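Since the structure is predicted, the reported quantities are computational estimates derived from the model, not experimental observations. If you read the sequence from its start, that first residue is 1, and numbering goes on from there.
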Amino acid sequence: MLTLLLGMMILDANLRLSGFFAMAGGWVMRRAHRPLALLAAVAATAGVFSAFLVNDAVCLVLAPLVAELTLTLQRNPVPYLLVAAMASNIGSTATITGNPQNMMIGSFSHIPYVNFAAALAPVALFGLLLTVVLIALLHRREFASGAQLTAPSTPIRFHRVLMWRALAGTALVAALFFAGQPPAKVAIIVGGLLLLTRRVRSERVYAQIDWSLLLMFAGLFIIVAGAKHGLLSGEVVAASGRLHSIALPVLAALTAILSNLVSNVPVVVLRPFIDSLRDPAQAWLTVAMASTLAGNLTVLGSIANLIVVQRAAASGVVIGFWDYCRVGVPLTLLTLAIGTLWL
């Protein structure tokens, strides 16, 4: 799992340093000529990128871009920034590489990349549509006018050769993932190949990597081993096995609650019990779905939310706790219900 996360971070860093995220996001959003179309464009950009790349990296680049564009257009930036954060969380549900939690679940469960995506991509797609509808309804004043938008053509600096190398690496990684190759091996090999260049110093790539996150997950694996040996008695295994017919809704609710209290720990705490269930793969998919979608409940629910709020504040835009929760709470409850019913 650590090699998968490191490899994806190297890939994300190359895309970010090349200017790809800023260029692609700006290109999409500047072609939205109505407020509702702009909202949908931000949701699609955040959701699609976050499905295949680590969602935190997507928000780092997208949030200031959205804030700058909406302020330039003299629109209320809050709903567009909210959809960037929430769509990023929801889009990352779709695949193993969408967020670190899914990577950990993929490592524990050994669910093939294609099977994981086939199970959860429909939930992510419906969640993205629901996000746009809910934000548009709760911010009717912003979207009721249907005003014509004309975004200025702002030059964006990008490194053409580095961008094409990073895009080729991304395409190769995605193709090999869907071909059934081991994600960790694919990500670290392609990431290593991207470091073999004189066009960008390796130190610049390393500076983009979240080393503290890698260290945290290394510690979590130690906790997992201790929990497995300390918590998984014969009685617990037998009791867990009897829950197979009713566990999924309960497991989804428990995971959502714990995710907002202690972040990634639910995966660690629940692993001994999930592995003992009669259908652990389905249970792991439920945990992946619930722990990710629960990140939309409050502004503290995920790192992506905090990144968007902080980047918005740097642009002079304040997203209050209530501003977030009035959309996040109903969205989370609805998407969790839909995801649980789907699974």
Point to revise | Thr70 side chain to Ala67 backbone, donor-acceptor under 3.5 Å | key: yes

Quiz: residues 119-132 side-chain donor-acceptor pairs under 3.5 angstrom, not counting sequence neighbours:
{"from": "Thr131", "atom 1": "OG1", "to": "Gly127", "atom 2": "O", "distance (Å)": "2.7"}

Exercise for review: Tell me whether Val58 is reachable from Val48 by hopping between hydrophobic residues (I, L, V, M, F, W, Y) whose side-chain heavy atoms are closer than 4.5 Å.
Suggested key: no

Review point. Any idea how Phe178 and Tyr113 line up, ring-wise: parallel (<30°), tilted (30 to 60°), or perpendicular (>60°)?
Key: perpendicular

Exercise for review: Test side-chain contact (heavy atoms from CB on, under 4.5 Å) on Leu39 and Ile135 and set out the steps.
Suggested key: CA-CA 9 Å; Leu39 185 75; Ile135 290 179; 4.0 Å; yes

Exercise for review: Answer with yes or no whether the hydrophobic clustering places Val114 together with Trp284; edges join I, L, V, M, F, W, Y residues whose side-chain heavy atoms lie under 4.5 Å apart.
Suggested key: yes

Review point. Does Val133 sit in a hydrophobic cluster with other residues, and if so which ones, taking ILVMFWY side chains as linked at heavy-atom separations under 4.5 Å, directly or through other members?
Key: Leu137

Review point. Are Phe177 and Thr95 side-chain neighbours, meaning at least one heavy-atom pair lies under 4.5 Å?
Key: no

Review point. Side chains of Thr93 and Thr292: is there a donor and an acceptor less than 3.5 Å apart?
Key: no

Check your understanding: Which residue pairs pass the side chain to side chain donor-acceptor pair (under 3.5 Å) test when at least one of the two sits in residues 331-343, sequence neighbours left out?
Key -> none

Review point. Do Leu193 and Leu6 belong to the same hydrophobic cluster, where Ile, Leu, Val, Met, Phe, Trp and Tyr are linked whenever their side-chain heavy atoms lie under 4.5 Å apart, directly or via other members?
Key: yes

Exercise for review: Side-chain contact test, heavy atoms from C-beta onward, threshold under 4.5 Å: evaluate it for Val78 versus Glu142 and give yes or no.
Suggested key: no

Exercise for review: Using atom types as modelled and distance alone, determine if a side-chain donor or acceptor of Arg75 lies under 3.5 Å from a backbone N or O of Pro35.
Suggested key: no

Review point. Restricting to pairs with a member in residues 161-177, which pass side chain to side chain donor-acceptor pair (under 3.5 Å), not counting sequence neighbours?
Key: none

Exercise for review: Would you please name every residue forming a ring pair (Phe, Tyr, Trp, His ring centres under 6.0 Å) with Phe52, sequence neighbours left out?
Suggested key: none

Check your understanding: Among Asn305, Leu293, Leu331, which residue meets the side chain to side chain contact (heavy atoms under 4.5 Å, CB included) test with Asn89?
Key -> Asn305

Point to revise | Side-chain heavy atoms of Leu134 within contact of Pro330, under 4.5 Å | key: yes

Check your understanding: Got Phe143 and Pro79 here, is their nearest side-chain heavy-atom distance under 4.5 Å?
Key -> yes

Review point. Any link between Met86 and Leu36 through a network of hydrophobic side chains (Ile, Leu, Val, Met, Phe, Trp, Tyr) touching at under 4.5 Å?
Key: yes

Exercise for review: Would you please test Asn102 and Phe116 for side-chain contact (heavy atoms from CB on, under 4.5 Å) and show each step?
Suggested key: CA-CA 10 Å; Asn102 281 7; Phe116 193 103; 3.8 Å; yes

Practice item. Mind jotting down which residue pairs meet the ring-ring contact (aromatic ring centres under 6.0 Å, His included) criterion with at least one end in residues 288-319? Sequence neighbours excluded, please. Key: none

Exercise for review: Report yes if some heavy atom in the side chain of Thr286 is under 4.5 Å from a heavy atom in the side chain of Thr255; otherwise report no.
Suggested key: no

Check your understanding: Given side chains that start at C-beta, do those of Val66 and Val308 come closer than 4.5 Å, heavy atoms only?
Key -> no

Review point. Are Ile90 and Val329 grouped together when hydrophobic residues (ILVMFWY) are joined by side-chain heavy atoms under 4.5 angstrom apart?
Key: no

Review point. Any side-chain heavy atom of Arg311 within less than 4.5 Å of one from Val317?
Key: no

Check your understanding: Under a 4.5 Å cut-off applied to non-hydrogen side-chain atoms, are Arg141 and Asn76 in contact?
Key -> no

